[in-house]
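Within every chain, numbering begins at 1; the chains are lettered A, B, ... in the order of the sequence lines, protein sequences first and strands thereafter. Reckoned from all heavy atoms, side chains included, excluding hydrogens, waters and symmetry mates.
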Amino acid sequence: MTIGCSMSEIRVRFAPSPTGYLHVGGARTALFNYLFAKKNGGKFLLRIEDTDRTRYHEGALDEIFTSLRWMGLDWDEGPEVGGDCGPYFQSERLELYKKYADELVEKGLAYHCFCSSERLEQLRATQESSENPQATGYDRHCRGLSADEVKAKLAAGEPSVIRLKIPDSQTITFDDVIRGKISFESDTLDDFVLLKTDGFPTYHLANVIDDHFMRVSHVLRGDEWITSAPKHVLLYRAFGWETPIWAHLPVILSETGGKLSKRKGAASVMDYYREGVLPHALFNFLALLGWSPGDDKEIMTLEEMIELFTLDRIGAKPSVFDSKKLEWMNGHYITEASAETLLPEVKPALVELCYINADYDDSKLIPVIEMMKGRSKKVTEIAGTLNYFFVKPSEFDEGSMKKLAKQDNLVEVLTDIANGIESLTDFSAESVDALFHSYMETKGLGFGKVGMPIRVAITGVGGGPSMHDVIAFIGKEESVARLRAFIEMK
RNA sequence: GCUCCGUUCGUCUAUCGGUUAGGACUCAGGAUUUUCAUUCCUGCAAGAGGGGUUCAACUCCCCUACGGAGUACCA
C-alpha cells in the first residue's frame, strides 16, 4: 500500500560532501547515526551533497565509501545500494530543488536577486570595517523589486539567485535532543540564498527538501549546524512540512586545542587504517567521544554499543581526541584478535619489507603473529618488529649491547649454548628450554647471564617472546649460525 | 563586531539536589613475567569565578571569565 518510504520508521542519514577524505569527525557523526538506526530498527541512509561544483574532488567519493565500509558503517540506502527515495546524489535532484524554490517565489516567500558578487563583497566590506561594525548579511536590495522588473530582468537573461524572505521580529525556537530549546531572533538572520546562479541549490534548500522526501525522522549532525538550524526551521514552515527531530553533536577537538584538522595530525579515517589501527578499535574509541553507556563500560562489541546507544546519553561538550587512549584501545583489540584475522594485514607488510616472499606458508606465519600480537599497539608494528624471525639481525640494540659488554664469560656461555643446541637430537622448543635450565643450574648462572646474551645474539633486541619458542621457529642450524656469527663479532 | 553553543581530574567520562565526587587513558611506584610487552595492585589528579533558589547544589537560575562554532551564490 505504501509506495516509497513509510512514515513511522526511524530514518537517519549521513550526508557528506565529496570535497576530500572522510575525517574522524565525520566518521563519528556517521557512527552515531548508524548506532541510532540499528538500535531502533531503522534505516541508515547515505546521501551525497555534491552541490558545490567548485569544491568537488575527484576520488573523494571512493575514499568516503571505502572509509565507511572499512569501519563497518554500511548504509541501507544510498549510492551503490539504491533505495526507494533516490537518487541519493543531490546533483541528480536539481529539478526537484528548482521546482520547490520556484514554488516559494510564487507564494511570495522567496524572491529573485540580481545582485552581483562584486556588490555583495563591497556590502560585506563596509559592514565589517565601518566605525561601528554591524552584523553582516544581505541588505535585501532586490526584495523590493516589482514583479514587472523581475520579469524584465529574467527575460533579459540577467543571472539571478533565489533568496528566502526572512520574517521580521520573530523568535524562532526549536528543540534539540541534546541541548533542549534553542532560540534565535529572525532579525539576526539575513535573506539567504536557496538556489544559486548555476541552478544548484545551497545546502539549506537541498537538505530540507531531501530530508523531507527521504522521510528522515532524526537529523544527527555536527553542531556547526546549530546556527543554520533556524534557517531550516523557516524553510520547513514555508513549505508547510513537519521538521525532523534534531540532535546536534559536539565537535571533536584536537589535542592542541581547536577543531581537529588535517594539519593537527592524522585526521582521516584511512590514515588510521594505514597506521595499523583496527576498525573496531577506532569505532569503539569514537563512540566514546561524546557518548557514554552510563556505567564504567568502555570496551564494547558492536552489538553492545547498539544495545546501549541512546541519544540522551550524548553530551553537549566538545571532546578532545586523545590518541594515547586510541592506541591503548587498539593494543587491546590486537591482543584479542586472532592471528588469522591479523594475517591479511601483516603478511603484505612483511613481503613489502622483503622478509618473506608472497607465497610464504601462512600456517608458519600464524604462530609468529600469535607470539607478537600481544606486545603490539598497532598492526603495522607487528610486521616491523618480527624481522628476526626471518632474517639475521643487521644491527644490535645499543642498550643491550652495553650490558653484555660487562659480562666477562659472554663468549663461553654463547659457545656452550651453540654447541648444546647443535647436539640436540630432538630439537624443539621444549628441549631447548630444558637445555637452558640444565645449563644455568650446572653453571650456577641466572637467566640474565644466559638468556639475555642468547636473545641479543639471535634477535638483536632486548625483548620479545620466550627464547626457546623463537629458536624453535628459526630452526637449529640458523640459530647456531647466528650465535657463532655473534661470537665471531666479539 | 554580532549570534548561538559549551565549561567535573592533563584527557575521555559517571553523577539526573543529600556520594569519602566513581571508572578509563596518561604518568609514577610495586607485584607477576628469570627479557620486553601483557596482566594485576597502589598512588597522583577535578566540579572556572561570583551571585542567587533550597534545610541541602557539581547538579536548578543569573552574571562574568574562558573555550568553541557560525556569520558565503561552502557544506
Asker: Polar atom pairs between nucleotides 36-38 of chain B and protein, under 3.5 Å, N or O only, would you list them?
Answerer:
residue: B/C36; atom: O2; partner: A/Arg375; partner atom: NH1; Å: 2.3
residue: B/C36; atom: O2; partner: A/Gly464; partner atom: N; Å: 3.3
residue: B/C36; atom: N3; partner: A/Arg375; partner atom: NH1; Å: 2.2
residue: B/C36; atom: N3; partner: A/Gly464; partner atom: O; Å: 3.4

Asker: Mind checking what makes salt bridge (Lys or Arg N to Asp or Glu O under 4.0 Å) contact with A/Lys377, not counting sequence neighbours?
Answerer: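 Scan of A/Lys377 (salt bridge (Lys or Arg N to Asp or Glu O under 4.0 Å), adjacent residues dropped) gives none.
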Asker: Ignoring backbone atoms, establish whether A/Lys317 has a side-chain N or O less than 4.0 Å from OP1 or OP2 of B/U8.
Answerer: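 For B/U8, OP1/OP2 do have a side-chain N/O of A/Lys317 under 4.0 Å.
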Asker: Taking a pair as Watson-Crick or G-U wobble with both distances under 3.5 Å, which nucleotide is matched to B/A48?
Answerer: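 Answer to the pairing question: B/U64, which forms a Watson-Crick or G-U pair with B/A48.
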Asker: Provide the Watson-Crick or G-U wobble partner of B/A69, both distances under 3.5 Å; none if there is no partner.
Answerer: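 Checking every strand shown, B/A69 finds its partner in B/U3, with both distances under 3.5 Å.
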Asker: Hey, are A/Asp168 and A/Gln170 close enough side-chain-wise for a donor-acceptor pair under 3.5 Å?
Answerer: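 No, no side-chain donor-acceptor contact under 3.5 Å.
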Asker: Considering only heavy atoms, which members of residues 386-413 of chain A lie under 4.0 Å from some atom of RNA chain B?
Answerer: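 Nucleic-acid contacts, sorted: none.
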Asker: Quick one: are the ring centres of A/Tyr272 and A/Phe285 less than 6.0 Å apart?
Answerer: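 Centroid separation for A/Tyr272 and A/Phe285: 6.0 Å or greater.
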Asker: Kindly assign one of parallel, tilted or perpendicular to the pair A/Trp225 and A/His232, based on the angle between their ring planes and the thresholds 30° and 60°.
Answerer: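 Geometry flag for A/His232 against A/Trp225: tilted rings.
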Asker: Is there any salt bridge (Lys or Arg N to Asp or Glu O under 4.0 Å) pair reaching into residues 89-99 of chain A, and which pairs are they, with sequence neighbours excluded?
Answerer: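 Output for this query lists A/Arg93-A/Asp210, A/Lys98-A/Asp102.
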Asker: Give me the distance, rounded to whole Å, that separates B/C25 from B/C61 when you measure between the C1' atoms they each carry.
Answerer: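 One C1' to the other, the span is 35 Å.
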Asker: Taking atom types as they are modelled, is there a donor-acceptor pair under 3.5 Å from the base of B/U39 to the side chain of A/His332?
Answerer: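 Counting by modelled atom types and ignoring angles, no donor-acceptor contact under 3.5 Å is found here.
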Asker: Within 45 degrees of the ring normal and closer than 6.0 Å to the centroid, is that where the cationic atom of A/Arg482 sits relative to A/Phe486?
Answerer: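 Not flagged: A/Arg482 not positioned over aromatic ring of A/Phe486.
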Asker: Measure from NZ or CZ of A/Lys231 to the centre of the six-membered ring of A/Phe192 and say whether it is under 6.0 Å with the direction within 45° of the ring axis.
Answerer: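 Relative to the ring axis of A/Phe192, which defines the angle, A/Lys231 lies inside both limits.
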Asker: Report the residue (A/Trp328 or A/Met452) whose heavy-atom-nearest nucleotide on RNA chain B is the more 5′ of the two.
Answerer: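 Nearest-nucleotide comparison on RNA chain B picks A/Trp328.
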Asker: So what does A/Met440 touch, heavy atoms closer than 4.0 Å: a base, only the sugar-phosphate, or nothing?
Answerer: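 Result for A/Met440 = base.
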Asker: Decide if the gap between the ring center of A/Phe14 and the ring center of A/Trp75 is smaller than 6.0 angstrom.
Answerer: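 So the answer is no for these two rings.
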Asker: Regarding A/Glu275 and A/Thr380, is there a side-chain donor-to-acceptor distance under 3.5 Å anywhere?
Answerer: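 The answer is no; no qualifying pair exists.
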Asker: Taking only distance into account, with no hydrogens and no angle test, what donor-acceptor pairs under 3.5 Å do side-chain atoms of residues 449-473 of chain A form with protein atoms, sequence neighbours excluded?
Answerer:
residue: A/Arg455; atom: NH1; partner: A/Pro465; partner atom: O; Å: 3.1
residue: A/Arg455; atom: NH2; partner: A/Pro465; partner atom: O; Å: 2.9
residue: A/Thr459; atom: OG1; partner: A/Arg455; partner atom: O; Å: 2.7
residue: A/Thr459; atom: OG1; partner: A/Val461; partner atom: N; Å: 3.2
residue: A/Thr459; atom: OG1; partner: A/Val461; partner atom: O; Å: 3.3
residue: A/His468; atom: ND1; partner: A/Asp433; partner atom: OD1; Å: 3.3

Asker: Please tell me whether A/Phe32 and A/Trp291 form a close aromatic pair, meaning their ring centres lie under 6.0 Å apart.
Answerer: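 They do not qualify: ring centres at least 6.0 Å apart.
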Asker: Does B/C25 have a Watson-Crick or wobble partner in any strand here, with both distances under 3.5 angstrom, and which is it?
Answerer: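 Its partner is B/G10.
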Asker: Tabulated below should be each protein N or O lying under 3.5 Å from an N or O of nucleotides 57-61 of chain B; please produce it.
Answerer:
none

Asker: Expressed in whole Å, how much space separates the C1' atoms belonging to B/G47 and B/G10?
Answerer: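 Nearest-Å result for B/G47 against B/G10 at atom C1': 16 Å.
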Asker: Could you tell me the Watson-Crick or G-U partner of B/U54, where both distances fall under 3.5 Å? Say none if there is no partner.
Answerer: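 Check on B/U54: unpaired, no WC or wobble geometry under 3.5 Å.
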Asker: Using a distance-only test with no angle check, is there a side-chain donor-acceptor pair under 3.5 angstrom linking A/Tyr111 and A/Asp191?
Answerer: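 The answer is yes; a qualifying pair exists.
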Asker: Counting primed atoms plus P, OP1 and OP2 as sugar-phosphate and everything else as base, spell out the protein contacts along nucleotides 64-75 of chain B at 4.0 Å heavy-atom distance: B, S or - for each nucleotide, 5' to 3'.
Answerer: ----SSSSSBBB
Asker: Testing the 3.5 Å rule here: is there a donor-acceptor pair between the side chains of A/His248 and A/Arg179?
Answerer: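 Distance-only check fails for A/His248 and A/Arg179.
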Asker: Taking atom types as modelled, is there a side-chain donor on A/Gln127 or A/Thr136 under 3.5 Å from an acceptor on the other?
Answerer: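 Short answer, no.
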Asker: Say you pick atom C1' in B/A24 and the same atom in B/G67; how far apart are they, in whole Å?
Answerer: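 That atom pair is separated by 24 Å.
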Asker: Side chain of A/Asp211, backbone of A/Val208: donor and acceptor closer than 3.5 Å?
Answerer: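 Judged by distance alone, no pair lies under 3.5 Å.
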Asker: Picking from A/Ile245, A/Leu311, A/Thr29, A/Leu31, what satisfies side-chain contact (heavy atoms from CB on, under 4.5 Å) with A/Leu220?
Answerer: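 Only one of A/Ile245, A/Leu311, A/Thr29, A/Leu31 forms a side-chain contact (heavy atoms from CB on, under 4.5 Å) with A/Leu220, namely A/Leu311.
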Asker: Any idea which heavy atoms bring A/Cys142 and A/Phe114 closest together, and the distance?
Answerer: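 So the two residues come closest at SG-N, 3.3 Å.
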Asker: Would you mind writing out the side-chain donor-acceptor pairs for residues 386-402 of chain A within the sub-3.5 Å range, not counting sequence neighbours?
Answerer:
residue: A/Asp397; atom: OD2; partner: A/Ser400; partner atom: N; Å: 3.0
residue: A/Asp397; atom: OD2; partner: A/Ser400; partner atom: OG; Å: 2.6

Asker: A/Glu327: which residues meet the salt bridge (Lys or Arg N to Asp or Glu O under 4.0 Å) condition with it, sequence neighbours left out?
Answerer: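 Expected list: A/Lys378.
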Asker: In residues 95-105 of chain A, which residues come under 4.0 Å of RNA chain B by heavy atom?
Answerer: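 Heavy-atom contacts with RNA chain B come from no residue of residues 95-105 of chain A; none.
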Asker: Determine whether the side chains of A/Tyr56 and A/Asp50 contain a donor N or O and an acceptor N or O closer than 3.5 Å.
Answerer: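 Note: A/Tyr56 and A/Asp50 side chains miss the donor-acceptor criterion.
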Asker: Taking only nitrogen or oxygen atoms into account, show me every contact under 3.5 Å that the protein makes with nucleotides 42-46 of chain B, one pair per line with its distance.
Answerer:
none

Asker: Paired with B/U35 by Watson-Crick or G-U wobble geometry, both distances under 3.5 Å: which nucleotide is it?
Answerer: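 Partner of B/U35: none found under 3.5 Å.
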Asker: What's the CG-C1' distance between A/Leu189 and B/C2, to the nearest Å?
Answerer: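 Result: 12 Å.
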Asker: Considering only nitrogen or oxygen atoms on both sides, find all protein atoms under 3.5 Å from nucleotides 15-17 of chain B and state each distance.
Answerer:
residue: B/U15; atom: OP1; partner: A/Arg313; partner atom: NH1; Å: 3.4
residue: B/U15; atom: OP1; partner: A/Arg313; partner atom: NH2; Å: 3.1

Asker: Has A/Arg13 got its NZ or CZ under 6.0 Å from the middle of the six-membered ring of A/Phe44, at an angle within 45 degrees of the ring axis?
Answerer: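 No - A/Arg13 does not lie over the ring of A/Phe44 by the 6.0 Å and 45° rule.
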